[in-house]
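In what follows, chains are A, B, ... by sequence order, proteins preceding strands, each numbered from 1. Basis for what follows: all heavy atoms, side chains included, without hydrogens, waters or symmetry-related copies.
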Amino acid sequence: MAGILVAKIALNAATYAIDKPYDYTVPEEVADTLRPGMRVVVPFSAGNRHTEGIVLTLEADRPPEPKRKRILTVLDEEPVLDAKALRLALWMRERWFCTVYDAARAMLPAGLYFSLQDRWVLKEGVDQETALAATGKSEQGRQLVELLFAWGGQADVRQLKEAFGTKDPNPALKLLRDKGVLTLETSASRGVGDKVEQVAALAIPPEEAMAQFTGRRRSAPLQYAVVELLCSLGSASAKELCYFTGASSATLRSLAKRGVLTLEQREVFRRVALPEGVEAAGEPQLNEEQQRAYEGLDQLVRSGQPSAALLYGVTGSGKTQVYLKLIRRVLERGGSALVLVPEIALTPQLLRLFSAHFGDQIGVLHSSLRAGERYDEWKRIRTGEARVVIGTRSAVFAPLTRLQLIILDEEQEPTYQSENVPKYHAREVAKYRCVQEKGLLLLSSATPSVESMYRAKQGLYHLFTLRRRYNERPLPPVEIVDMKQELRSGNGTDLSGALKKRLTEMMERGEQSILFLNRRGASRMVSCGECGEVPTCPRCSVYLTYHSANGRLMCHYCGHSEPLPDACPSCGGALNFIGTGTQKVEEELKQAFPQREVLRMDTDTVSATQTHEKLLARFEREKIPILIGTQMVAKGLDFENVTLVGVISADLSLYAEDYRAGERTFSLLTQVVGRAGRGTKGGAALIQTFTPEHDVIRCAARQDYDAFYAQEIELRRLRGCPPFQDLFVLTASARSEAGALRACMRMRQALESWLRQPPLEQLTLRILGPAPASVVKVNDRYRYRLTLACSNTKQIRALVAELLRCAQADKENRGVSVFADVNPLD
DNA sequence: AGCACGCCGACT
DNA sequence: GTCGGCGTGCTC
């Protein structure tokens, strides 16, 4: 007899402060089938609310503990995470201050997710009178019974809470459960992934709908706006409808209730269709330099020892050829390989190339796959059918077996760092996996992150360099234009005289140009010409930005939107746009070159209908003279006819309060300048800046990474930034500003007192703050933070973890939540 | 976080 | 007496 088993389980309901493996009794019926890595439903906390968990280990119940709670349901037929993956989840908790369950969730495809729904159900054969009798005199009990009978004998927990408003339905529910009138049931339905969209379609003929609503234009303006828009479109995504009309989902629901429209879930994204009929490619041909790199790297893979290398290759040096050959060898030896890219949408050529070399053996994983397809790809990978995985950040968790090689292409890209909990960095996860699997981690870039280059120079990573451009084409001449000078000579626009002159020449020759605006989001603010007031978000401490697509002012933090007012709300003055956006530059270009067409590519013009691929195809086909865009135009574009590349404002990203600002700017400018003159016609680049003497800009203009690195690494050393020290940012958020600030101050005090005595008095640690977060208020919560700069060791991580637990337990911190980030992006 | 328990004042 | 407010402490 095996005896009773006890499972140690990581729970979804546990917050960071109380996260640990919880023990549950394994029911005998499932003792044979349950294994670590399976998900289960268990009762948790005093209310025994049902929560999901993942089994970490199973062991004999010694000594027996009869009153322990039992597992309610087993959700999986086989483990979704293997032993290595579970260890990775535990490591992630330690490294990024998340719960084990948070980590596990990040590792699994969203399509695999269950959404648990708790429902209270009347027991069979109970009639209303007996139920009422069981409630005694309780008013809530009566209300509850009436509701349940009205709703057909069952109600889900959220429905009940809503119906009860401020009152608590729980006591009455517990009473009725104990009297045997009700039971709590949990249904686990496959969660629809977040890439599902609600689509609204008109349910009645447009004429009829308009007839119904014309009279209601005044009384129900939002409903009217929705109906009007739907009449012209027929159907549209709910999100878009709300975006364009300012309606909320409640408006749509009430229209659905009236029978005017139907709402249904539809998956919006398609799988990246692998190019069909691609000819199978043969062994890649390498030049001498590539061959040397390949041989060195292949030897590292074959060593069967964990290793890491940096492949530093200038743009156009053919890093991809090296990847392909390495992966071929890995496959021949029966291993598997993982290739991470910053953004899948920007790499169609790479996908084509990989499918030419590896055909059906490739698997693609990224966030815009449909939930089902993502799940299918995940299964194909797990079964070993797909042995080469190409994907974005989260693909770093791909369940490959016999993993011998992980490649991070453009390893310096910030997209490798997750913005949501857990805020892991794919590079670090990849490093961990390579150690686990005894494989090679290959970081690759034309402009490596300062951290990675430093480690390479320290000898922690093997360094391979590709300096030759494959066609040996010289770098384009780069001109730096001083915009201060322009301003002094009376030109207040974003287009310098030099740029206009170049554009004119270029167009006369029938060639094309790409203009790059170094600014995230390309947003515009509005200010009053009279009183200078700028509209702000009512819930967050940020200015609202104007979106031309829907004519509304929107908050980028909480999504609040309002129509653009006709005049300044406080003084009635005229409103003007401020700041530089792609739209403004587009208008200026149209003014300067009235007969020429300008194509704009930014988040506004790239939408569901206009993918950036389509836009780019149009740019190439129709030879539109000027393409203006943000980040998107910086990557991997290769057009024969583009002979001029211009950077409108090189310095905008330099002023970010982030130690990575220099690196980001350098990398972006280098990529953009590298775009010029890819074809046989040669070309030129032009950089407009207000700080022409800035070293980062001068280095980028010369494409001189080595000089940039030498400069930047000293700066980092001086400032105590990565790679020398990591920044642990503790953020306190609360409804009251004083509360958030106080929590930070108390953390600082606690920390200082710990640092005065053993064993921590030797620790070198700088404490910065408390300081307000870059956006102090988000969604009506104030955020303050404390930054610790220190080398990233187990000891300091344990200290941060302890600090978080203390802050959460601190009675003074009522209503305050505290979390920690490592080297956060903002 | 979320939930129950327990203590206190207000109202039938 | 009961209902509902909020402070306190725990979650296998």
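Distances from the side chain of A:R49 to the nucleotides C:dC12, C:dG7, B:dG2 place B:dG2 closest. The side chain of A:R814 approaches C:dG7 more closely than any other nucleotide in the set C:dG7, B:dG2, C:dC12.
Atoms CG (A:L56) and C1' (C:dC12) sit 13 Å apart, rounded to a whole Å. When the C1' atom of C:dT11 is taken as reference, atom CG of A:D23 falls 13 Å away, rounded to whole Å. Per the geometry, NE2 belonging to A:H50 stands 12 Å off P belonging to C:dC12, to the nearest Å. What separates CD of A:Q808 from P of C:dT11 is a distance of 17 Å, to the nearest Å. The CZ atom of A:R805 sits 17 Å away from the P atom of B:dA1 (whole-angstrom rounding). As a whole-Å value, the separation of A:I4 CD1 from C:dC12 C1' is 16 Å. Residue A:K69 contributes atom NZ, which lies 12 Å from atom P of B:dC3 at whole-angstrom precision. Between A:R735 atom CZ and B:dA1 atom P the separation is 11 Å, expressed in whole Å.
Distances shown here put every side-chain N or O of A:K67 at or beyond 4.0 Å from the OP1 or OP2 atom of C:dC12.
Using a 4.0 Å heavy-atom criterion, one finds that A:T25 contacts no nucleic acid atom at all.
Residues that satisfy the ring pair (Phe, Tyr, Trp, His ring centres under 6.0 Å) test with A:Y784, not counting sequence neighbours, are absent from this structure. A:Y416 is linked by a ring pair (Phe, Tyr, Trp, His ring centres under 6.0 Å) to nothing, counting only residues two or more places apart in sequence or in another chain. Qualifying ring pair (Phe, Tyr, Trp, His ring centres under 6.0 Å) partners for A:Y432, counting only residues two or more places apart in sequence or in other chains: A:W91.
A salt bridge is defined here as a Lys NZ or Arg NE, NH1 or NH2 lying under 4.0 Å from an Asp or Glu carboxylate O, and A:D658 with A:R660 meets this definition.
Sorted by first and then second residue, the ring pair (Phe, Tyr, Trp, His ring centres under 6.0 Å) pairs with a member in residues 798-826 of chain A form an empty list; sequence neighbours excluded. Residue pairs satisfying the salt bridge (Lys or Arg N to Asp or Glu O under 4.0 Å) criterion with at least one member in residues 5-14 of chain A, sequence neighbours excluded, are listed as follows: A:K8-A:D23. Residue pairs meeting the salt bridge (Lys or Arg N to Asp or Glu O under 4.0 Å) criterion with at least one member in residues 790-806 of chain A, sequence neighbours excluded, are A:E94-A:R797, A:E802-A:R805.
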Contacts under 3.5 Å, N or O only, protein and nucleotides 4-6 of chain B:
{"unit_1": "B:dA4", "atom_1": "OP1", "unit_2": "A:K174", "atom_2": "NZ", "d": "2.3"}

Cut-off 3.5 Å, no hydrogens considered: what does the side-chain donor-acceptor table look like for residues 738-748 of chain A, sequence neighbours left out?
{"unit_1": "A:R742", "atom_1": "NH2", "unit_2": "A:E812", "atom_2": "O", "d": "3.4"}
{"unit_1": "A:R746", "atom_1": "NE", "unit_2": "A:D810", "atom_2": "OD2", "d": "2.7"}
{"unit_1": "A:R746", "atom_1": "NH2", "unit_2": "A:D810", "atom_2": "OD1", "d": "3.4"}
{"unit_1": "A:R746", "atom_1": "NH2", "unit_2": "A:D810", "atom_2": "OD2", "d": "3.1"}
{"unit_1": "A:R748", "atom_1": "NE", "unit_2": "A:E752", "atom_2": "OE2", "d": "3.0"}
{"unit_1": "A:R748", "atom_1": "NH1", "unit_2": "A:G769", "atom_2": "O", "d": "2.6"}
{"unit_1": "A:R748", "atom_1": "NH2", "unit_2": "A:E752", "atom_2": "OE2", "d": "3.4"}

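Each of A:V121, A:V145, A:L148 was scored for a side chain to side chain contact (heavy atoms under 4.5 Å, CB included) with A:L182, with one residue passing: A:L148.
The stretch residues 11-22 of chain A comes close to DNA chain C through A:I18, A:K20, A:Y22, each having a heavy atom under 4.0 Å from the strand.
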